[in-house]
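Report on one structure; see the data block that follows.
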Amino acid sequence: MHESTLNAPNQPMPPEFFIANRERLARLLPPNSLAVLNANDIPPTNADGSSAAVPNSDLFYLTGVAQEQSILLLYPEADDEKQRALLFLREGTPENERWEGHKLTREEAQARTGLRHIHWLAEFPRLFHRLICESEHVFLNSNEHKRAVIEVESRDARFVAETIRRYPLHNYRRLAPLLHQLRAVKSDLEVGLIRRACDVTASAFARVLRFVQPGVGEWEVEAEFAHEFIRHRCRFAYLPIIASGPNACVLHYVENSAPCQKGSLLLLDVAASSVNYNADMTRTIPVSGRFTRRQKQVYNAVLRVLRQSIAGLRPGKKIKDWQKEAEQQTEKELVELGLLTMRQIKRQDPNNPALKKYFMHGVGHPLGLDVHDVGLTTQPIQAGWVMTVEPAIYLPEEGFAVRLENDVHVTADGPVDLMADIPLEADEIESLMATRK
Ligand code: GLY
Ligand code: MN
Ligand code: MN
């Protein structure tokens, strides 16, 4: 058992973390480079509404700043020392602070970021013009997550288009691959924050094991998680999936609107986020407190794949080989469960393997400031990565699914399961549920 970080104060991160990240980025830039990063927009909804602002993960990683409209400008070799790292902020005024609350002062921004030179946004055009004219390479940021569906132009994308329009002869470069490389390898501080998100998730799951029984609504289970997360100053890392019975076969089920039926399984893909660092957990539990024989068979099959896939997270292995191992093992389990035959497997189309009917997604992904974090998914696994491990078997014909998901820190000495303390064995789940009132 590790010492729980559940009640650790939710402290702001030390400026040394952001200073070190900026130094690591500076080392990756070629001589005479300028790099620019923008905050995210606040997403509009309808009428005068907006969704909650989500910090730009790259800007946060380099500054700790989540305030809207902020711009970071890095020019490590600028002639003038005052122009090597500049942060531009929206200035607080009596008017905007009355409606929106406090904006960072220069002193607060210095303390949080470790940057010495903080400017208001009005100064950006003049300083940017001067620096872009002096620089040779201009690194601009973009969302290059391979699975991103980009339908709305981000603030960074608008900035890229406008900058290229105004300065068409510059040599533009992509910042994203450099940030992916840096963010893939987590520092001890980051692993500690992910661990805290896991601990808060663990405490909410313990509460849910005491709460679930036939007749409770999926939405009520969501409320139990919300209570525990918010009281620990965390938020949901992603829209929670609380899926009973056949709903669990819908991979992104987020309606959470059905009552939990006696005898069914309840799939919970729910986790906390602490200081912007995320956990990502899935558990599958019996609504009535005991698995049926068939449910337990399938559960234990997925659990074996989970354990082997965690053990298989070794530096040097490629993600696609790790995925292949999980698929081969799932295939064997599906044969044991009577869902596939060896004949079907031998005659299968390699481009559409038979197991895809029951397990059709990746066995894991990088985790960090984003839930599906940026990373280097075509390169060999490295020590320092944090990966989810999430095998599953979906059985719509039988009206249930089992998915189990833990978060793992890859180290040179072997995988460290950050969710090792969260109940997982079927018997353990049953005995914890037996203590319900
Ligand atoms: N909760 C999202 C995922 O497991 O990837
Ligand atoms: Mn998940
Ligand atoms: Mn996941």
Side-chain angles (χ1 to χ4, degrees), residues 241 243-251 253 261 263-269 281-314 317-365 387-408 415 417 419-420 422-433:
I241 298 171
S244 60
N247 294 337
C249 297
V250 178
L251 298 182
Y253 175 83
Q261 309 282 0
S264 65
L265 287 188
L266 177 64
L267 184 151
L268 306 161
D269 187 345
M281 177 196 80
T282 308
R283 289 292 182 270
T284 307
I285 65 173
V287 168
S288 308
R290 292 193 75 82
F291 292 92
T292 65
R293 197 158 161 268
R294 176 64 171 169
Q295 289 167 348
K296 198 177 270 192
Q297 269 180 337
V298 178
Y299 188 95
N300 285 332
V302 176
L303 182 56
R304 283 189 288 273
V305 184
L306 177 77
R307 297 243 188 258
Q308 289 208 15
S309 299
I310 291 174
L313 268 178
R314 299 273 167 185
K317 186 183 289 178
K318 284 202 161 188
I319 294 280
K320 70 172 181 204
D321 296 328
W322 180 58
Q323 172 81 25
K324 189 87 211 140
E325 288 168 9
E327 288 179 357
Q328 282 169 347
Q329 207 202 333
T330 305
E331 210 166 62
K332 272 196 220 132
E333 297 288 356
L334 290 169
V335 172
E336 289 291 313
L337 291 167
L339 292 161
L340 288 182
T341 61
M342 287 311 292
R343 190 176 144 84
Q344 275 174 306
I345 292 169
K346 286 209 184 90
R347 304 169 108 209
Q348 71 191 0
D349 171 1
N351 294 317
N352 186 22
L355 102 154
K356 293 280 175 195
K357 178 172 175 206
Y358 302 105
F359 176 50
M360 65 298 284
H361 55 71
V363 70
H365 52 83
M387 295 289 294
T388 69
V389 186
E390 48 186 303
I393 294 179
Y394 301 92
L395 300 175
E397 289 89 354
E398 298 184 44
F400 72 96
V402 175
R403 180 166 72 245
L404 299 170
E405 179 175 24
N406 277 17
D407 303 339
V408 175
D417 187 347
M419 292 186 159
I422 305 185
L424 185 59
E425 293 290 334
D427 296 349
E428 195 183 0
I429 301 273
E430 286 183 338
S431 56
L432 285 165
M433 291 185 81

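FYI, the numbering just counts along the sequence from 1.
- Using cut-offs of 30° and 60° on the angle between ring planes, the pair Tyr394 and His361 is perpendicular.
- Formation of a donor-acceptor pair under 3.5 Å by the Thr388 side chain with backbone atoms of His365 is found in this model.
- In terms of heavy-atom proximity, Cys249 sits nearest to Ala401 at SG-CB, 4.0 Å.
- Atom CG in Leu334 sits 6.0 Å away from atom CG in Leu355 (nearest 0.5 Å).
- Taking the side chain as every heavy atom from C-beta outward, Leu395 and Leu339 approach each other to under 4.5 Å.
- Looking at heavy atoms from C-beta onward, Val302 lies out of side-chain contact with Phe359 at the 4.5 angstrom threshold.
- A distance of 6.5 Å separates CG in Leu404 from CZ in Arg283, rounded to the nearest 0.5 Å.
- Legend: side chain to side chain donor-acceptor pair (under 3.5 Å) pairs involving residues 351-360, not counting sequence neighbours, sorted by first then second residue: Glu327-Lys356.
- Residue Pro353 comes nearest to Pro350 through the heavy atom pair CD-O, 3.6 Å, listed as atom of the first residue, atom of the second, then distance.
- Remark: Glu425 engages Arg307 in a salt bridge, criterion side-chain N to carboxylate O under 4.0 Å.
- A donor-acceptor pair is defined here as one N or O able to donate and one able to accept, closer than 3.5 Å; no such pair exists between the side chain of Gln261 and the backbone of Ser244.
- The shortest side-chain heavy-atom distance between Val298 and Leu265 does not fall under the 4.5 Å cut-off.
- In this structure, CZ on Phe400 lies 11.5 Å from CG on Leu267, to the nearest 0.5 angstrom.
- Between the side chain of Glu428 and the backbone N or O of Pro423 there is no donor-acceptor pair closer than 3.5 Å.
- Between the side chain of Ser309 and the main chain of Leu306, no donor-acceptor pair closer than 3.5 Å is present.
- Rounded to the nearest 0.5 Å, atoms CG (Leu313) and CE (Met387) are 6.0 Å apart.
- No more than 12 heavy atoms of other residues, nucleotides or ligands lie within 6.0 Å of NZ in Lys332, so this atom counts as exposed by the packing criterion.
- Remark: Arg304 does not engage Glu336 in a salt bridge, criterion side-chain N to carboxylate O under 4.0 Å.
- In this structure, CG on Asp349 lies 13.0 Å from CZ on Arg347, to the nearest 0.5 angstrom.
- From Tyr299, atom OH reaches atom CG of Leu424 across 5.0 Å, with rounding to the nearest 0.5 Å.
- Residue Tyr253 comes nearest to Ala243 through the heavy atom pair CD2-CB, 3.6 Å, listed as atom of the first residue, atom of the second, then distance.
- For Val335 against Thr341, the heavy-atom pair with the smallest separation is CG2-C, 4.5 Å.
- Here the closest non-hydrogen pair linking Ile285 and Phe291 is CA-CZ, 4.5 Å.
- Val305 approaches Ala326 most closely through the heavy-atom pair CG1-O, 4.0 Å.
- Side-chain N or O atoms of Thr284 include one that pairs as donor or acceptor with a backbone N or O of Arg403 at under 3.5 Å.
- Enclosure of atom CZ in Arg294 by more than 12 non-hydrogen atoms of other residues, nucleotides or ligands within 6.0 angstrom is indicated.
- Distance alone, capped at 3.5 Å, is enough to place a donor-acceptor pair between the Gln323 side chain and the Val363 backbone.
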